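Please read the structure below before turning to the comments.
Small disclaimer: the values here were computed from a predicted structure and weren't measured.
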Amino acid sequence: MTMQVTAAVAREARQPLTIEKLELDDLRPNEVLVRMVATGVCHTDAIVRDQVYPTPLPAVLGHEGAGIVEQIGSSVTSVQPGDHVLLAAAYCGKCDRCRSGEMAYCENLFAADFGGRRTDGTTALSRDGEVISSHFFGQSSFATYANVVEESVVRVGSDVPLEVVAPLGCGIQTGAGAVLNELRPALNSTLVVIGTGAVGSGAIMAGGVAGCGRIIAVDIHTSRLDLAKELGATDTINTQDVDLTEEILRLTDGRGADYIVDTTARPELLRKGADALALRGTLALVGAAKPGTEVSFEIGLSLVKGWTFKTVIQGSSVPQVFIPKLIELWKEGRFPMDKLMSNYSLHEINQGFDDSAKGTVIKPVIVF
């Protein structure tokens, strides 16, 4: 039996989302019906809306959902109706990477997160017979209700404010996990974070948790750099005013940075960062770029530095393990993610996208 939901639908590339009434079909055995309470708006939603990454349109996007379980499919065992849940990226759970605990690198990632279909080829959403892509990151949370694959579900305590923790499903988890799960910086080391949006802010807060001695935040928006200082940055660099490589070297007395997290995926910034690495330093890319984007690195003089370049997806995390740890850090006051958020209604979702793109808001959160 289908039910009616209200959703924000991406119909045309680079156009605003439209608020529509859709039909949501029956649960499959591996799905959970979730009534959405809140969902974050992420840069990945924007680049899929603009068809940089090709999820079939029309589609309901949204992949940082949080809500309450209403029903469960016959094979679901991890949650029960009434549970409060946060939603993260989907993964198949069956490939070698998943079975090795590396769900972020699932061999079927694109089909699970961007395909717009279940594994049987169906969608959960339609409008008067028109097919609407669903299951974006296993969830499609820009809707009042969603049929969510069990792999995307993370149970959280009923005392946790869902409008605060919702963005942990992707952006903040990505930045924090890149530092805590992947880089694992040495005590008192230097961490540079290029781009201080939600992902970069997660990395900055994680740098403090990890005990980095110097955390350098890089951006072009003064307001974001001011907030970065509140989140734990010890220094800031505005690349509109100074050369990034030169300023990192100046701040580190010529030694360079031990770790750099780049959230922008801008080739010129990646090159600038690489040139500012310390001996045995690591440059981690977590930002999403248009497929085919390339970056060049100097390999002659840098050979003796023994530096590492790596790409990191979803913070290399197991969401069901890592996200509850971030929530505990927030409760302890060590991960002040609530400072990033601004709330919007579903009907204001396009304003949230615009404010994020302009840099006036770090993390828009849709509250239903």
Side-chain angles (χ1 to χ4, degrees), residues 4-24 34-67 87 89 113-117 123-148 163 166-167 169-172 195 197-199 220-221 223-224 263-265 287-291 340-368:
Q4 191 173 75
V5 302
T6 303
V9 182
R11 287 197 165 272
E12 297 182 40
R14 298 176 295 280
Q15 295 300 311
L17 308 186
T18 58
I19 307 301
E20 304 180 22
K21 299 289 185 181
L22 304 178
E23 288 81 46
L24 180 68
V34 178
R35 175 175 62 83
M36 292 299 165
V37 172
T39 183
V41 175
C42 180
H43 178 64
T44 304
D45 295 309
I47 63 176
V48 173
R49 174 202 61 188
D50 297 343
Q51 291 291 274
V52 176
Y53 284 4
T55 290
L57 302 183
V60 175
L61 306 177
H63 62 289
E64 294 181 339
L87 309 179
D113 290 335
F114 295 94
R117 301 290 188 273
T123 67
L125 295 167
S126 61
R127 179 176 179 178
D128 299 327
E130 178 190 23
V131 172
I132 309 291
S133 287
S134 67
H135 289 78
F136 184 60
F137 279 63
Q139 55 186 274
S140 289
S141 57
F142 287 165
T144 50
Y145 290 82
N147 289 348
V148 181
E163 68 277 10
C170 183
I172 297 173
V199 177
I220 60 172
H221 299 287
S223 60
R224 290 193 170 192
T263 74
T264 70
K290 183 178 180 180
L340 308 176
M341 300 171 196
S342 300
N343 292 345
Y344 297 78
S345 70
L346 182 61
H347 288 270
E348 297 172 321
I349 190 168
N350 291 307
Q351 187 64 51
F353 273 98
D354 291 344
D355 291 346
S356 179
K358 290 185 293 187
T360 57
V361 167
I362 300 285
K363 174 53 67 174
V365 178
I366 306 304
V367 179
F368 293 91

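- Taking both residues in full, the closest heavy atoms of Ser356 and Arg224 are given as O-NH2, 3.6 Å, listed atom of the first, atom of the second, then distance.
- Side-chain N or O atoms of Gln351 include none that pairs as donor or acceptor with a backbone N or O of Glu348 at under 3.5 Å.
- Scored by the side-chain contact (heavy atoms from CB on, under 4.5 Å) test, Glu12 finds Gln15 as partners (sequence neighbours excluded).
- A distance-only check finds a donor-acceptor pair linking the side chain of Ser140 to the backbone of Phe136 [under 3.5 Å].
- The ring pair (Phe, Tyr, Trp, His ring centres under 6.0 Å) test applied to Phe142 returns no partner, not counting sequence neighbours.
- With values rounded to the nearest 0.5 angstrom, Leu125 atom CG is found 7.5 Å from Asn147 atom CG.
- The two residues Met36 and Gly65 have their closest heavy-atom pair at SD-CA, 4.2 Å.
- Distance check, rounded to the nearest 0.5 Å: OH of Tyr344 to OG1 of Thr39 gives 14.0 Å.
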Q: Please test Thr144 against Arg35 for side-chain hydrogen bond (donor to acceptor under 3.5 Å, both in side chains), starting from the C-alpha separation and ending with a verdict.
A: CA-CA 6 Å; Thr144 50; Arg35 175 175 62 83; over 6 Å; no

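- Here CD of Glu130 is found 10.0 Å from OG1 of Thr123. Values are rounded to the nearest 0.5 Å.
- Between Gln139 and Ala146 the shortest heavy-atom distance is O-CB, 3.3 Å.
- For Ile19, the side-chain contact (heavy atoms from CB on, under 4.5 Å) partners at least two apart in sequence or on another chain are Thr6, Ala8, Leu346, His347, Ile349.
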Using residues 359-368 as the side-chain source, report each donor-acceptor pair under 3.5 Å to any protein atom, sequence neighbours left out, with the distance given to one decimal.
from	atom 1	to	atom 2	distance (Å)
Thr360	OG1	Asp355	O	3.1
Lys363	NZ	Val41	O	2.9
Lys363	NZ	Glu64	OE1	2.9
Lys363	NZ	Glu64	OE2	3.3

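- Qualifying salt bridge (charged side-chain N to carboxylate O under 4.0 Å, His left out) partners for Glu20, counting only residues two or more places apart in sequence or in other chains: Arg11, Arg127.
- Counting all heavy atoms, side chain and backbone alike, Gly115 lies closest to Pro56 at O-CD, 3.5 Å.
- Between Gly40 and Asp45, the shortest heavy-atom contact is O-OD2, 4.1 Å.
- Minimum interatomic distance between Pro58 and Val9 (heavy atoms only, all atoms of both residues): CB-CG1, 4.0 Å.
- In this structure, Ser133 contributes its side chain and Leu57 its backbone to no donor-acceptor pair below 3.5 Å.
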Q: Determine, stepwise, if the pair Phe137 / Leu87 fulfils side chain to side chain contact (heavy atoms under 4.5 Å, CB included).
A: CA-CA 9 Å; Phe137 279 63; Leu87 309 179; over 6 Å; no

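- Contacts of Ser342 classified as side-chain hydrogen bond (donor to acceptor under 3.5 Å, both in side chains), with partners at least two apart in sequence or in another chain: none.
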